[in-house]
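In what follows, a single structure is set out as structure tokens and then discussed.
Excluded from the calculations below are hydrogen atoms, water molecules and symmetry mates; all remaining heavy atoms, backbone and side chain alike, are included.
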Amino acid sequence: METMEEALARLTEIANNGGEAERTEIDHIKSTFYRLLNESKNAPAEVAEGEEPAEAPAAVEPNPLEEEFKAQLQRVKELRAAAAEEVAKQQQENLSRKQAIIAEIQQMAENPETADKGYDRMKQLQADWKELGEVPAEQATSIWKEYQRWNEQYYDMLRINAELRAYDFKKNLELKTALCEAAEALAEKVEGDVIGAFHALQDLHNQFREIGPVAKEIREEVWSRFKAASTVVNKAHQAHFEALKAEEEANLAQKTALCEQAEAITAEQPKSANEWEEKTQQVLELQKQWKTIGFTPRKVNQQIFDRFRQACDRFFTAKADHFKGLRDGLQANLEAKMHLIERVEELKESTAWSVTADEIIQLQKEWKTIGPVARKKSDEIWKRFNDACNYFFDRRKEARKEQHQKVRRQVQRTVERVGNDVQRLARTLEEKRQELKTYENNLTFLNATSKTGSTFVEEIQKRISTLKGELQALEAKMREQRQAEKEEQAGE
């Protein structure tokens, strides 16, 4: 059976046949179905490299196959319980009737006279015994031994025709010899079908018990032959289950190791997306290996599976939570950066160059403190933010350029004006110097030719003194104008 549908179909067939099937087969069907069901429930969705993982899966809806399987399994249990009850009741009735047969044989076997007279009755009792079915298993051996003991005692006590006794012994010997041969044939081919050979042997044992005794001198020999063949089959049957048990124990060891590996992977939280992907592949590989390992002992099979499944579930739940938190962080970062973008776009048309530039620079610094956003949004929002910043600073640069050109024109005009003023002052200064020189020459001449022109001389001296003061003032003003011209040129 490789699918849940095949397991359900076989269980339904058993239910429709009255629940008749080996217990081991029913257990195998149940174990196979739930293994396949668990595998279908717990298969993780693979995430390609670089892609964001999907949200954690929603709760799994009830599987209609599981509901039908449970219903058919309950039918089988009820049918088998009813059949077992009926078998137990019938076995108890068989036990009571066999005990009555033994009691009657015991009475006939107590002395030779009753034995001889009861021969026909003895044959009828033996026939009745054969027709009766099984008795409770815990009493089957003891009741058969009791029956054999009184059968043997009856024939030992029987005083009838020697030929008739010999005939019965011969007949029983032929039948038991045939059973010995059949048991030996089973022993020879037991390796091909251990379970089938064992069940066939049980049927041979039932037939052996129902056959009457053989001659006393060969009873032990016949029984030993039959027992020897039975021992071969029983040992093979026991070895088969011991080997199966050993294999299941080995499977348990392998699955325990896989559980420990899965738990070790889950115990350490990955730090990056690459580490998450690497560990995901490791867990998937463990799940793949798990499927290649057979059953473990029935008492721990579900327990070890639950342990492995829980370790895998913890890993994939932690992975889903990690990437959900990462997505939430990316979204928060996106919202924070969008707020900065909106603010820069509000400021980009401002002409308050200094104040706005300071605020935008601060926003740029704040941008750098915010973590990453989803890769598909990263380039888009950075371009939008950067374009808005560049737009403002390009406008400021252009405005500064225009202002600088305006200042240059103003400085040029000022320089030209100052230059003109300096030239005028220079001409005036030269005129004053010439005038001073003339007066000084005249004063020298007057001092040399006349002693009576003191009043005129004094006037000339006063004029010379005035001219010197004017010259000093003009020279100072010239120096100021030249310094102003240098400053204007430096400012340009």
Side-chain angles (χ1 to χ4, degrees), residues 1-43 60-94 133-137 140 182 185-186 189-207 233-234 236-238 240-245 247-248 251-252 255 290-306 309:
M1 292 173 290
E2 297 181 354
T3 65
M4 291 186 288
E5 288 78 2
E6 292 176 352
L8 175 59
R10 177 54 186 152
L11 187 62
T12 303
E13 179 182 358
I14 292 173
N16 292 338
N17 290 334
E20 294 182 3
E22 291 294 333
R23 178 67 187 179
T24 54
E25 181 181 6
I26 295 174
D27 288 343
H28 177 66
I29 293 172
K30 180 180 176 182
S31 178
T32 300
F33 181 88
Y34 279 103
R35 174 175 60 80
L36 295 170
L37 179 63
N38 287 329
E39 291 175 355
S40 69
K41 287 181 178 179
N42 294 293
V60 178
E61 295 292 333
N63 192 316
L65 286 178
E66 183 181 8
E67 300 298 322
E68 178 63 16
F69 187 87
K70 288 180 178 179
Q72 294 301 329
L73 186 61
Q74 184 61 31
R75 280 185 62 201
V76 171
K77 288 181 179 179
E78 291 173 356
L79 289 169
R80 288 176 64 84
E85 182 179 356
E86 183 62 30
V87 167
K89 180 179 178 181
Q90 185 61 51
Q91 287 179 348
Q92 194 62 43
E93 291 179 4
N94 293 340
E134 296 179 350
V135 299
L186 287 176
K189 64 178 182 180
V190 65
E191 296 299 334
D193 183 10
V194 175
I195 302 300
F198 178 77
H199 288 301
L201 180 65
Q202 304 312 304
D203 184 56
L204 295 180
H205 270 266
N206 290 333
Q207 295 180 49
V233 176
N234 287 330
H237 185 258
Q238 181 179 359
H240 169 76
F241 279 98
E242 288 177 352
L244 184 61
K245 181 179 179 181
E247 180 181 352
E248 290 177 344
N251 292 341
L252 176 60
K255 288 189 173 182
W290 182 279
K291 294 177 182 179
T292 66
I293 302 173
F295 291 105
T296 61
R298 190 193 313 176
K299 63 181 180 181
V300 297
N301 194 57
Q302 188 62 40
Q303 177 183 344
I304 194 67
F305 175 76
D306 289 342
R309 182 188 62 188

Which heavy atom of [X] sits nearest to which heavy atom of [Y], and what is that distance?
X    : Y    : result
Q92  : P136 : OE1-CG, 3.9 Å
N251 : T296 : C-CG2, 3.9 Å
W290 : F305 : CZ2-CA, 3.7 Å
L186 : A197 : CD1-O, 3.8 Å

What is the distance from atom [atom1] of [X] to atom [atom2] of [Y], rounded to the nearest 0.5 Å?
X    : Y    : atom1 : atom2 : result
N301 : K299 : CG    : NZ    : 12.5 Å
T32  : L37  : OG1   : CG    : 12.5 Å
L8   : T3   : CG    : OG1   : 9.5 Å
R298 : D27  : CZ    : CG    : 4.0 Å
M4   : Y34  : CE    : OH    : 11.0 Å
Q302 : N38  : CD    : CG    : 6.0 Å

Does the side chain of [Y] come within less than 4.5 Å of [X]'s, by heavy atoms?
X    : Y    : answer
I14  : I29  : yes
H205 : L201 : yes
K245 : P297 : no
N16  : R75  : yes

Next on the checklist: For a side-chain contact (heavy atoms from CB on, under 4.5 Å) check, start with the C-alpha distance between V76 and Q72, then their side-chain angles and the critical distance, and finish with the verdict.
Outcome noted: CA-CA 6 Å; V76 171; Q72 294 301 329; 5.6 Å; no
Does [atom1] belonging to [X] count more than 12 external heavy atoms closer than 6.0 Å?
X    : atom1 : result
Q303 : CD    : no
E85  : CD    : no
E134 : CD    : no

Under a 4.0 Å N-O cut-off, is there an ion pair linking [X] with [Y]?
X   : Y   : value
K70 : E66 : yes
R35 : E39 : yes
K89 : E86 : no

Whether the [X] and [Y] side chains hold a donor-acceptor pair (N or O, under 3.5 Å, no angle test) is what I'd like checked.
X    : Y    : result
Q90  : N94  : yes
D203 : Q207 : yes
Q74  : E78  : yes

Checklist entry - Parallel, tilted or perpendicular for H237 and F198, by the 30°/60° rule? => result parallel
Checklist entry - What class does the angle between the rings of F295 and H28 fall in, given that below 30° is parallel, 30 to 60° is tilted and above 60° is perpendicular? => result perpendicular
